[in-house]
Every structure is written in C-alpha cells, then in structure tokens.
Amino acid sequence: MRLSRSLVPTLKETPAEAQIASHRLMLRAGLVRQTSAGIYAWLPAGWRVLQNIARIVREEQDAAGAQEMLMPTIQPADLWRQSGRYDAYGPEMLRIRDRHDREMLYGPTNEEMITDIFRQSVKSYRELPQNLYHIQWKFRDEVRPRFGVMRGREFLMKDAYSFDLDYEGAVISYRKMMLAYMRTFQRLGLKAIPMVADTGPIGGNLSHEFIILAPTGESQVYYDAAFEQIDPASGEFSFDSNADLARCYERLTTPYAATDEKHDPVAWEGVPDRREGRGIEVGHIFYFGTKYSEPMGLAIAGPDGKPLVPHMGSYGIGVSRLVGAIIEASHDDAGIKWPDSVAPWKAALLNLKQGDAACDAICTDIYRRLGNDLLYDDREDRAGVKFADADLMGHPWHIVVGPRGAANGKVELKRRATGERTEVSVADALARIA
RNA sequence: CGGGGCGUAGCUCAGCCUGGUAGAGCACAGCGUUUGGGACGCUGGGGCCGGAGGUUCGAAUCCUCUCGCCCCGACCA
C-alpha cells in the first residue's frame, strides 16, 4: 500500500484518554479509533493485525480438528431462558427489543445457541465427538471499560464448543484445545502459561486461563520457572495421539502456576524456582459437563439405544484483546515492535527523497515486487518523520532508500525488533524479508 | 456501582478563580528556504467553548440540570 493513499492517521502526541502503553500506541499508530466507551473502529492497519491474529487462531483450531462456522451476534432471549442464564447474567448483558417487542440480546457468548443448533441436527453417538467454533464479535456491557481494546465492551472472540459422549472424551477434547492454544500463542510471539482458573459465569469444574506475562497485566501471577523451557510447538505432540495429549497436558499442568485468586501460599513454598509477575488473560478453557446439554434437552441415541447427554466444554480466545496484549509484550519508547506473524505489513519502504531519480527507481521496483505486503512511505515528508512513523507503527523490517546508498544500488535494511541495520543490495533486502 | 476528574480547532493544552468580540504549539493549505532521525520563515483556512435552561446590558467564564469521556476501587474473554 502507498501511505500517501492510506488512512493510517498516526499521532505525534498521545490522546489524553490513553493510559497504558498498548492503548497509547494503538491510537498513535493509527490502528483504532474509539467511537464510544469500550467500542472501537478498526482502521486499515489495525484491521490487518486483527485478521492476521484470527488467521493463526483459525489455522490452529482447524489443525486440532475443530470446525469453523459463524453464529449471529443477536440472539433470542428464549434460548437463554432455557439454560437459566437470562436472569443469572445480569446487567453485563446488553438486552434489546425488536420492532415486535421480542426480547433479544447481543451475545456475550454462545453456549446456548450452539447447544440449540447441535440438538436440532445431531441424533446419534456415532456423530460424536465434535468441536465447533466461530470468530465473532461479542458484547459485554462492562461497568468500566478500560485499557483500550484489552477491556472493551465490544470485542472479537474465538469461541469453540466441544461435544463428547462422556467425561473421558471431554477430557481429550479439552487437552486438544490446550495444545492448540499453546501453539497459537507461540505463533503470535507470546509466552503463554496455563493457570488453574475460576470458572465464573460459564460454570463447570475444570478450567485453565492462558496468561501472558506483561508488566502492565491486570492480575498478579505466580509460576514455576519451568514454564520458560516448555516448547509446545516442537512437533513433539500430536493431536491424534491420546498418549501425546496426556503427556502434553501433564507437562503443562504439573509445574505450579496460579493467578492471585487461586494462589496457594503453602504449595508455593514448595516450588523450586519461583517467579512472580503481572499477567494478561488471553484465553480461557472450560469443561462443564452437562450444564447446558441437560437443561436444554440435548440428548442423542447412545450405543444401547438409550438417550445420552453429551458432555461439553467451551474454549475462548480474546482475538481483539490479543492485539493489545501483543503490544504490551512487545514495544519500546519509540513504538510497537510487531512479531512477523501479525504485523500489518511485512515491511515499510521509506523513500527518503521523493523525486530523486535513483531513490524513486529503487522504490518503484521494490514496491512492484512486494505490493500489498509492503507499506510504501511515499509521502512528501522529511526523513525524520518517516523514521519516526515507521518505528511507531512497528513494521518488522524497514527498507530505507536514501540518495547516499541509492546511487550505487544499496538500501539500508533495519530490523525493528533488534534495531540492527545493514546496508545491502535490493536483491539481498528482498531475500531477507521473504 | 461507589469515589475523584475532565469536556475550548484534527491532537496536546491555556483562558474560567476576578463575566466584556476565541488563544498557543503541533497538524492542515499556499509560497520560499531546507532535506538520513518528528526543519525554518511568511501567509491562510479551521470553533454554536459537549448540550439545555437560568442569572446578567453582556456568559467559555457564575448557577441548575443533562449527556459524554477518563482515572481509582469492587467485577470480567
């Protein structure tokens, strides 16, 4: 994309409403604009990041055998009456009436809806297990939205729902998701730690939160340094092997890890290499058995012909929250440092001297080759402005084309994460980035 | 939902206490000089001072109500 033709409104100064780094940088880098408290418009650069995160989440869900679908944002109140949650959920749920005065709501989650869909079509134990997910906007009317997209009212979430014949099957589904989550977060450039968690209003009795470490995290966390060695994406574990899943689960849940609410000072004393810090919750998985299938009348024919009530679990990832979380974990004073996997563009191309024949020729050439993967800063601005904006926006690579090097076909390649700069030929620059 | 604070130009903010024709810096447009880390000069455009009532000859400024937003706490992907 050409920056001169793009809506990427970077700000030199920090808007007054932003307190924490990620919120500040998301506004300054032109990723989002707030439209109401806790509700954001995603501008082109931010939307690209959001889609990149969603893509990785999707790939790992698919790899774990989950099926993607899409459920609506607006749901009928009736469904929630069947589970008993319509009254239980409280003012956090945005309730709406349509023109016929029917009670509707903007979904904060989809257990009821998926259970309803599932019970309409699935009749036999032969069709289980299944895991269905979607990536959809949710709304929770938080009393106090804050921290930008990290605690918004409207947010994009991946939520998956598993259906199994019994507890043993549900545990396997649960472990698959745990592995998929670890791989997902690793691909996003994050170190995530599964911690024993409260189940909250979703309910159930087996639950882990996925916490990433960041100094500005919302909760105090305690964990064994052993987690720093775990590499879930090594390929060591297969989704198809129950033995692998069991080993993976054990490795991920044996060392001590807990948030403030679940912290056990006595057990903590016995941890060999203790670490404390702040954490951001980016995912949450639950097993809740028949909490929804039972009251909502989901029953299928079992092998003996008798009705069988499936055991369920649900698995959430805060996709929009992750944008903020990644920035919290990866930035410096100058701006964002995007991991390659989620960056809005692979690289920025800085033409330091618009109108210089050599600079223009090199830039045109590079732009023709990389096109949409590249943000071409072709603005009529001074070099300093372009450097500052490129650092702020956090592109993984900066290709700097100035009159000094351009004369003999050289460009400067800068790695944003490390600050390392090298002077290379155009061909070498393209090869490094590819 | 309790406590605190703020709404003045696209952004950061001054002016309000003590009422008298709306300000600065940045950004934007034009011209000139600059040109490898957020340049300089000149000129120019841009505001129903969040909204509604009230007090007053006169309100950004004082009073009442209201809406919005932010922060701390209690609660959550």
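A note on names: the letters A, B, ... follow the listed sequences, proteins ahead of strands, and every chain is numbered from 1. Worth knowing before you read on, the calculation uses all heavy atoms, side chains too, and leaves out hydrogens, waters and symmetry mates.
Checking C65(B) for Watson-Crick or G-U wobble geometry (two distances, each under 3.5 Å) identifies G51(B) as its partner. Applying the Watson-Crick and G-U wobble criteria (two distances, each under 3.5 Å), A74(B) pairs with nothing in any strand. Remark: G23(B) base-pairs with C13(B). Criterion, Watson-Crick or G-U wobble with two distances under 3.5 Å. If you check U33(B) for Watson-Crick or wobble pairing at under 3.5 angstrom, you find it paired to A39(B). The partner of G46(B), taking Watson-Crick or G-U wobble pairs whose two distances both stay under 3.5 Å, does not exist in any strand shown.
Salt-bridge annotation for R278(A) and E218(A): absent, with no side-chain N of the basic residue lying under 4.0 Å from a carboxylate O of the acidic one. Classification of D391(A) and K414(A) as a salt-bridged pair holds, one side-chain N sitting under 4.0 Å from a carboxylate O. With salt bridges taken as basic N to acidic carboxylate O contacts below 4.0 Å, one links E103(A) and R81(A). Under a 4.0 Å N-O distance rule, the pair E13(A)/R28(A) does not qualify as a salt bridge.
A residue-by-residue look at L156(A) and T10(A) shows that T10(A) has its nearest nucleotide of RNA chain B further toward the 5' end. Mapped onto RNA chain B by nearest heavy atom, R404(A) and E142(A) fall at different nucleotides, with R404(A) at the one closer to the 5' end.
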Which atoms of nucleotides 42-45 of chain B (N or O only) lie under 3.5 Å from a protein N or O atom, and what are those distances?
none

Polar pairs (N or O, both sides) under 3.5 Å between protein and nucleotides 65-70 of chain B?
| from | atom 1 | to | atom 2 | distance (Å) |
| --- | --- | --- | --- | --- |
| C69(B) | OP1 | A37(A) | N | 2.7 |
| C69(B) | O3' | Q34(A) | NE2 | 3.2 |
| C70(B) | OP1 | Q34(A) | OE1 | 3.3 |
| C70(B) | OP1 | Q34(A) | NE2 | 3.3 |
| C70(B) | O3' | E17(A) | O | 3.3 |

Do any N or O atoms of the protein come closer than 3.5 Å to N or O atoms of nucleotides 30-35 of chain B, and which pairs are they?
| from | atom 1 | to | atom 2 | distance (Å) |
| --- | --- | --- | --- | --- |
| U34(B) | O2 | R382(A) | NH1 | 2.6 |

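In this entry the distance linking CZ of F147(A) with C1' of A77(B) reads 15 Å, nearest Å. Following rounding to the nearest Å, H398(A) (NE2) and G36(B) (P) show an atom-to-atom distance of 19 Å. Atom CD of E13(A) and atom C1' of A24(B) are 12 Å apart (whole Å). D141(A) has its CG atom 13 Å from the C1' atom of C75(B), to the nearest Å. Summarising the geometry, the separation between CZ on R140(A) and P on C75(B) is reported as 17 Å, rounded to the nearest angstrom. The nearest whole Å value for the distance from the CZ atom in R28(A) to the P atom in C11(B) is 15 Å. Atom C1' of nucleotide A77(B) and atom CG of L94(A) are separated by 17 Å, given to the nearest angstrom. Computed from coordinates, the E92(A) CD to C1(B) P distance equals 14 Å when rounded to whole Å.
For G45(B) and G51(B), the C1' atoms lie 27 Å apart once the distance is rounded to whole Å. Using C1' as the reference atom, C1(B) and A74(B) are 8 Å apart when rounded to the nearest Å. With both ends at atom P, the span from G5(B) to G41(B) equals 40 Å, rounded to whole Å. Using C1' as the reference atom, G19(B) and C57(B) are 12 Å apart when rounded to the nearest Å. G54(B) sits 39 Å from G44(B) when the P atoms are compared, rounded to a whole Å.
Residues T422(A) and E420(A) bring no donor and acceptor atom of their side chains to less than 3.5 Å of each other. Residues Y133(A) and Q61(A) bring no donor and acceptor atom of their side chains to less than 3.5 Å of each other. Side-chain contact, Y181(A) with H284(A): no donor N or O sits under 3.5 Å from an acceptor N or O. Donor-acceptor pairing under 3.5 Å is recorded for the side chains of D231(A) and Q186(A).
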Quiz item: Given Y256(A) and H263(A), is the ring pair (Phe, Tyr, Trp, His ring centres under 6.0 Å) satisfied, shown in steps?
Solution: CA-CA 9 Å; Y256(A) 187 91; H263(A) 185 50; 5.8 Å; yes

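When side chains are defined from C-beta on, Q130(A) counts as touching Q67(A), because their heavy atoms get closer than 4.5 Å. In this structure the side chain of I327(A) reaches within 4.5 angstrom of the side chain of L31(A), judged on heavy atoms. Contact check for N110(A) versus K138(A): side-chain heavy atoms found under the 4.5 Å cut-off.
Residue ring and nucleobase are stacked for F155(A) and A77(B), with a centre distance beneath 5.5 angstrom and an angle between planes beneath 30°.
With F118(A) as reference, F163(A) is the one residue of Y161(A), Y292(A), F163(A) to meet the ring-ring contact (aromatic ring centres under 6.0 Å, His included) rule.
Contact annotation for G402(A): base contact, defined as any heavy-atom pair under 4.0 Å involving a base atom. At the heavy-atom level, G90(A) lies nowhere under 4.0 Å from the strands shown. Nucleic acid contact class of D389(A) (heavy atoms, under 4.0 Å, all strands): base. Looking at heavy-atom distances under 4.0 Å, G152(A) makes contact with a base.
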